[in-house]
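Below is one structure; the comments refer to it alone.
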Amino acid sequence: MTSGEFLSLSVELTLGMVIISVALAFFRLFRGPSLPDRVVALDMMTVAIVAFCGAAAVLYEQVAFLDVGLVLALVGFLATAALARYAERRRLRKEEEKEQP
Amino acid sequence: MIDYVASAFMLAGGVFAIIAGLGLVRLPDVLIRMHASTKVGTLSSGLILVGVALHFLDWSVTVRAVAIFLFLMLTAPIAAHMIGRAALRMGVPLYRGLRNPLDDSYTSAPLPGADRSD
């Protein structure tokens, strides 16, 4: 087995393992009893997909996948921050509605 | 030779990705799950990006990989802090140990399988 064959085999294995982790995070997203559970699962899926983009860059010899990963990391942080703010503000709004019927 | 090193880094990253996913599914409450997903997830993508940089051995690729990893390292604690604060303020039920069904008391054993004697 040459080194190139070993590299492509291990890259494919890595892609499979990252896909398994995305599936596990999706299970938590589907099942999560509370809103923060789902936000944590989404955050984890974003980070895993950034890793997937890196592995795909090696598999297809395309450097452009790394740019996709960079943008995804930026957008994923924004999404997580916005969802966490939403979860906090939703509670505040409920309390305000209780105070002013 | 460099291919074998890059392969080892990427395989280690994949194994850590599975560990992060398992932690996300198996651990008992939000804050403990966040502990798995944030730290181990960032570590796994960092290892895979090191593998990418070693495979291409090119300055533009290395700078991009380092930029992605730095960005993940900067934003993961901030995002985790925001989610954790939201979870605490929403009053999400937290894990208090194993419940004894006879008298509704809680043992101080922190996690199933954790080896602690206090």
Side-chain angles (χ1 to χ4, degrees), chain A residues 2-4 6-7 9-11 13-25 27-28 31-37 39-41 43-44 46-48 50-55 57-58 61 63 65-67 69-70 72-74 76-77 80-81 83-92, chain B residues 1-4 6-8 10-11 13-25 29-31 33-34 36-38 41-42 44-49 51-52 55-56 58 60-61 64-65 67-68 71-72 74-76 78-93:
Chain A
T2 64
S3 67
F6 184 72
L7 180 75
L9 176 68
S10 61
V11 168
L13 275 178
T14 306
L15 284 178
M17 290 193 270
V18 174
I19 289 172
I20 289 174
S21 103
V22 173
L24 290 173
F27 174 74
R28 179 51 70 190
R31 172 99 184 280
S34 66
L35 181 60
D37 279 307
V39 181
V40 168
D43 191 34
M44 162 78 198
T46 319
V47 176
V50 170
F52 187 90
C53 287
V58 176
E61 297 288 334
V63 185
F65 277 111
L66 284 179
D67 298 334
L70 186 58
L72 197 63
L74 286 159
F77 169 65
T80 309
L83 280 172
R85 294 288 288 184
Y86 164 71
E88 265 192 71
R89 295 301 281 278
R90 200 177 60 159
R91 184 195 64 101
L92 285 178
Chain B
M1 186 62 207
I2 200 78
D3 278 350
Y4 289 113
S7 308
M10 298 187 73
L11 283 177
V15 170
F16 276 116
I18 287 190
I19 292 174
L22 280 180
L24 203 57
V25 170
D29 79 24
V30 192
L31 299 180
R33 272 175 215 144
M34 220 156 54
S37 76
T38 305
T42 313
S44 81
S45 45
L47 284 175
I48 289 178
L49 287 171
V52 173
H55 171 68
F56 284 103
D58 182 15
S60 65
V61 176
R64 276 177 222 180
I68 297 176
F71 195 77
L72 282 180
L74 277 179
T75 57
I78 303 172
H81 178 204
M82 291 183 76
I83 304 170
R85 195 177 56 180
L88 271 186
R89 290 196 176 161
M90 284 174 74
V92 172

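Lettering of chains follows the sequences in order, A, B, ..., and the numbering in each one begins at 1. Bear in mind that the values here come from a model prediction, so they are computed numbers and not experimental data. The analysis underlying the following values was restricted to heavy atoms, covering all of them including side chains, and did not include hydrogens, waters or symmetry mates.
Among A:V22, A:L35, A:D67, the residue making the largest number of heavy-atom pairs under 4.5 Å with chain B is A:D67. Of the listed residues (A:A25, A:A57, A:A48), the one with the most heavy-atom contacts under 4.5 Å to chain B is A:A57. With chain B as partner, the option from A:A51, A:A23, A:G16 having the largest number of non-hydrogen pairs under 4.5 angstrom is A:A51. The candidate from A:V58, A:L70, A:L83 with the greatest count of non-hydrogen atom pairs under 4.5 Å with chain B is A:V58. Taking chain A as the reference chain and counting heavy-atom pairs below 4.5 Å, the highest number among B:V92, B:D58, B:T38 is found for B:V92. Ranking A:V18, A:I19, A:V63 against chain B, the residue ahead of the rest is A:V63, based on heavy-atom pairs under 4.5 Å.
For A:R85, the CZ atom sits in a loose shell: 12 or fewer heavy atoms of surrounding residues, nucleotides or ligands are nearer than 6.0 Å.
For B:F16, the side-chain contact (heavy atoms from CB on, under 4.5 Å) partners two or more places apart in sequence, or in a different chain, are B:I19, B:V40, B:L43, B:S44, B:L47. Residues meeting the ring-ring contact (aromatic ring centres under 6.0 Å, His included) test with A:F6, sequence neighbours left out: B:Y4.
Looking at A:F65 and B:V52, their side chains never come closer than 4.5 Å, going by heavy atoms from C-beta outward. No side-chain heavy atom of B:I48 sits less than 4.5 Å from a side-chain heavy atom of A:F52. Side-chain contact check for A:E61 versus B:H55: some heavy-atom pair is nearer than 4.5 Å. By the 4.5 Å heavy-atom criterion applied to side chains, A:M17 and B:L11 are counted as neighbours. The shortest distance between side-chain heavy atoms of B:M90 and A:S34 does not fall below 4.5 Å. Counting only heavy atoms from C-beta outward, the side chains of A:E88 and B:M82 never approach each other to under 4.5 Å.
Heavy atoms of A:A73 lying under 4.5 Å from chain B belong to its backbone as well as its side chain. For B:V25, the parts sitting under 4.5 Å from any heavy atom of chain A are the backbone and the side chain alike. There is no contact between A:R31 and chain B, counting heavy-atom distances below 4.5 Å. Contacts between A:I20 and chain B at a heavy-atom distance below 4.5 Å involve the side chain alone, from C-beta outward. Contacts of A:L74 with chain B are made by both backbone and side-chain atoms, with heavy-atom separations under 4.5 Å.
Rounding to the nearest 0.5 angstrom, the gap separating the OG1 atom in A:T46 from the CG atom in B:L72 is 10.0 Å.
In this structure, the side chain of A:R28 engages the main chain of B:L24 through a donor-acceptor pair within 3.5 Å.
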Evaluate B:L49 against A:L66 for side-chain contact (heavy atoms from CB on, under 4.5 Å), listing each step before the verdict.
CA-CA 9 Å; B:L49 287 171; A:L66 284 179; 4.0 Å; yes
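Here the shortest heavy-atom pairing between B:R33 and A:P33 reads NH1-CD, 4.4 Å. Residues B:I83 and A:T80 come closest through the heavy atom pair CD1-CG2, 3.5 Å. In terms of heavy atoms, B:G41 sits closest to A:V47 at O-CG1, 3.5 Å. When all heavy atoms of B:S7 and A:L7 are compared, the pair lying nearest together is OG-CD1, 3.2 Å.
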